[in-house]
Amino acid sequence: MMDNRLRGAWRVALLYSLFGISFNALADEPADSLATYELDEFVITKRTPGKMGLSGPESGFKLGRTELFRAACCNLGESFTTNASVDVDYADPATGAKQIKLLGLSGSYVQMMTENLPAFRGAAMPYAFRYVPGPWMKSIRVSKGSSTVKNGYEAITGQIDVEYLKPQDEKAINLNAYFDSDIRLELNGDANFHVTDKLNTVVMAHYEDRYRTHDGNHDGFADMPAIRQFNLMNRWNYFGERYIFHGGLSFIDERSRAGQTGHHADGDGTPLYKINLDTRRYEGYMKHAFVLDVDHNTNIALAGNLSMHEQSSVYGRKLYDVNEKSAYAQLMFETDFTPAHNLSAGMSLNYDYFGQNLLADPTGEEPARLN
């Protein structure tokens with residue numbers, strides 16, 4: 001028994017001595033004899049999906065092209081799917097109308113804007129999110145809460161300001177196409193042209209066609225409408241030493257078909273309940289800026305837009321037509337007292353004409369004029 005213990009102790013002592021000799025040999029080895037390795041160059045990058053504004057009086061954030069690429073399909077209403085701060089829901093799935101929610105309130109409490117000008121008001125508001133194609137957008141700025149009246153007084157819970165592609169961007173021609181299993185086809189294109197060193201223009205085109213209505217639960221009523229849309233826009237800008245001009249024109253032609261599908265028609269001869277929307281929208285805008293003092297950014301700006309929105313609707317046996325005309329003008333003076341203090345003063349004018357025709361029963365009742 002004692003011999004076995006002695007043998008075990010000698011074995012342990014021998015192992016400790018071997019490890020100690022190895023450790024001392026490594027510790028006493030000169031540093032210049034160690035193997036050296038040279039790593040290849042590498043770059044550490046990060047993706048910033050959005051910028052949160054904390055320095056000013058307004059609470060909000062800005063979504064750039066990087067974040068928009070994550071939700072590239074296919075319009076403004078589908079650009080917030082990766083953002084937890086903004087909720088976009090269907091206000092009326094039958095017609096495809098969407099509404100946005102900010103601070104718990106939705107729809108009419110949020111002001112839509114395009115580059116600091118009020119846009120898509122009145123009859124266009126329920127369908128505004130599909131009027132802005134995704135590839136056209138450069139950024140989206142979302143302001144939460146009551147914002148300044150500098151850009152309009154209609155915002156209660158916030159503003160959504162869309163920045164389009166700029167004419168002064170790098171000269172390029174971009175084309176892309178999209179097709180999915182729901183028989184949805186989209187074609188987009190934009191091209192920049194630098195006419196002179198100071199004058200630039202961009203042309204943007206969009207075509208969308210969903211060939212058939214979507215009835216996923218097969219209940220005989222379309223879950224999503226069949227939409228065909230043509231969307232064109234042309235923008236110009238001029239940069240002078242003391243004068244800056246922005247202007248552009250846009251046109252939208254859209255046809256939407258929804259309601260009951262043909263394979264569930266009633267056998268008693270009752271016509272199918274159809275929802276048809278035919279929309280044409282014309283819009284133009286301009287911005288003039290006169291620079292008075294470059295050092296203090298003192299300038300006088302005149303900006304405005306005009307729009308005409310025509311929509312013919314059929315809801316079963318009811319006809320509803322809308323003819324809306326809007327005009328907005330703004331005169332603004334701005335100057336910087338110091339890098340941290342700014343003064344903005346001005347006035348704005350807003351004009352709306354809203355005409356409606358309602359025909360409750362096309363078989364015999366005269367249309368009613370609603371103003």
Side-chain angles (χ1 to χ4, degrees), residues 45-51 61-83 88 98 112-117 119-120 127-142 160-211 227-239 244-254 281-287 305:
T45 61
K46 68 175 182 177
R47 180 181 60 81
T48 56
K51 296 181 180 179
F61 59 91
K62 181 177 181 179
L63 302 178
R65 296 284 286 180
T66 303
E67 178 69 6
L68 293 176
F69 282 147
R70 297 180 59 198
C73 176
C74 291
N75 51 46
L76 177 62
E78 297 168 342
S79 299
F80 297 102
T81 55
T82 60
N83 190 283
V88 178
K98 289 185 177 182
M112 284 287 302
M113 307 185 68
T114 56
E115 300 185 347
N116 293 326
L117 288 176
F120 302 118
Y127 313 100
F129 294 100
R130 68 190 189 202
Y131 292 159
V132 183
W136 291 13
M137 294 185 293
K138 190 169 185 177
S139 65
I140 305 172
R141 183 175 61 88
V142 179
I160 297 178
D161 188 17
V162 178
E163 291 278 341
Y164 289 111
L165 298 177
K166 306 295 184 181
Q168 66 269 25
D169 290 342
E170 182 180 356
K171 290 192 296 184
I173 298 177
N174 301 308
L175 301 173
N176 67 67
Y178 172 84
F179 184 79
D180 63 17
S181 58
D182 290 333
I183 318 297
R184 177 177 179 177
L185 172 67
E186 286 201 14
L187 302 174
N188 298 281
D190 61 83
N192 287 69
F193 301 97
H194 295 187
V195 182
T196 65
D197 295 338
K198 299 180 179 180
L199 183 63
N200 310 295
T201 183
V202 59
V203 180
M204 296 177 285
H206 168 81
Y207 172 74
E208 174 185 351
D209 200 341
R210 188 187 297 273
Y211 296 97
I227 298 175
R228 187 208 64 193
Q229 182 188 116
F230 295 94
N231 202 334
L232 299 174
M233 180 179 289
N234 180 217
R235 312 183 71 210
W236 292 79
N237 70 8
Y238 174 84
F239 283 94
I244 300 174
F245 168 78
H246 291 270
L249 299 171
S250 63
F251 168 72
I252 299 175
D253 184 293
E254 184 183 81
R281 180 177 177 85
Y282 309 86
E283 189 171 2
Y285 81 97
M286 65 173 184
K287 297 180 180 179
N305 59 10

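The basis for the numbers below is simple: all heavy atoms, side chains too, and nothing from hydrogens, waters or symmetry mates. Given the structure is predicted, the values throughout are model-derived calculations rather than measurements.
Inter-residue side-chain proximity for N231 and P133 is flagged as met; some heavy-atom pair is nearer than 4.5 Å. With contacts defined as side-chain heavy-atom distances shorter than 4.5 Å, the pair N237/K166 does not qualify. Counting only heavy atoms from C-beta outward, the side chains of E163 and R141 never approach each other to under 4.5 Å.
Distance CG/L175 to CG/N188: 9.5 Å, rounded to 0.5 Å. Considering CH2 of W136 and CE of M233, their distance stands at 5.0 Å, rounded to 0.5 Å. In this structure, E208 CD and R184 CZ are separated by 4.5 Å, a value rounded to the nearest 0.5 Å. One distance of note links CD of E186 with CG of N176; it measures 8.5 Å at 0.5 Å rounding. Within the model, atoms CD1 of I160 and CE of M112 stand 6.0 Å from one another, a figure rounded to the nearest 0.5 Å. Note: E170 CD to N192 CG = 9.0 Å, rounded to the nearest 0.5 Å.
Legend: residues meeting ring pair (Phe, Tyr, Trp, His ring centres under 6.0 Å) with Y282, ordered by chain and number and at least two apart, are F251. Under the ring pair (Phe, Tyr, Trp, His ring centres under 6.0 Å) criterion, Y207 pairs with F230, not counting sequence neighbours.
Between the side chains of D180 and Y178, at least one donor N or O sits under 3.5 Å from an acceptor N or O.
Residues V132 and V162 come closest through the heavy atom pair CG1-CG1, 4.1 Å. Summarising the geometry of L165 relative to M137, their closest heavy-atom pair is CD2-O, 4.3 Å, with the distance given to 0.1 Å. Closest of all the heavy-atom pairs between V202 and P167 is CG1-CG, 3.8 Å. For V203 against F193, the heavy-atom pair with the smallest separation is CG2-CE1, 4.5 Å. Nearest heavy atoms, E283 versus N305: OE2-ND2, 4.2 Å. When all heavy atoms are compared, the tightest approach of A119 to T114 is CB-OG1, 3.7 Å.
H246 and F239 have perpendicular rings, their planes meeting at more than 60° on a 0 to 90° scale where under 30° would count as parallel.
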Worksheet entry | From CA spacing to verdict: side chain to side chain contact (heavy atoms under 4.5 Å, CB included), R228, D253 | CA-CA 8 Å; R228 187 208 64 193; D253 184 293; 3.5 Å; yes
Fill in: Worked verdict on H206 versus N75 for side chain to side chain contact (heavy atoms under 4.5 Å, CB included)
CA-CA 11 Å; H206 168 81; N75 51 46; over 6 Å; no
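The residues E254 and R130 are annotated as salt-bridged, a charged nitrogen and a carboxylate oxygen being separated by less than 4.0 angstrom. Ion pair E115/K138 not flagged as a salt bridge, since none of the NZ, NE, NH1 or NH2 atoms sits closer than 4.0 Å to an Asp/Glu carboxylate oxygen.
Not a single donor-acceptor pair under 3.5 Å links the side chain of S250 to the backbone N or O of L232.
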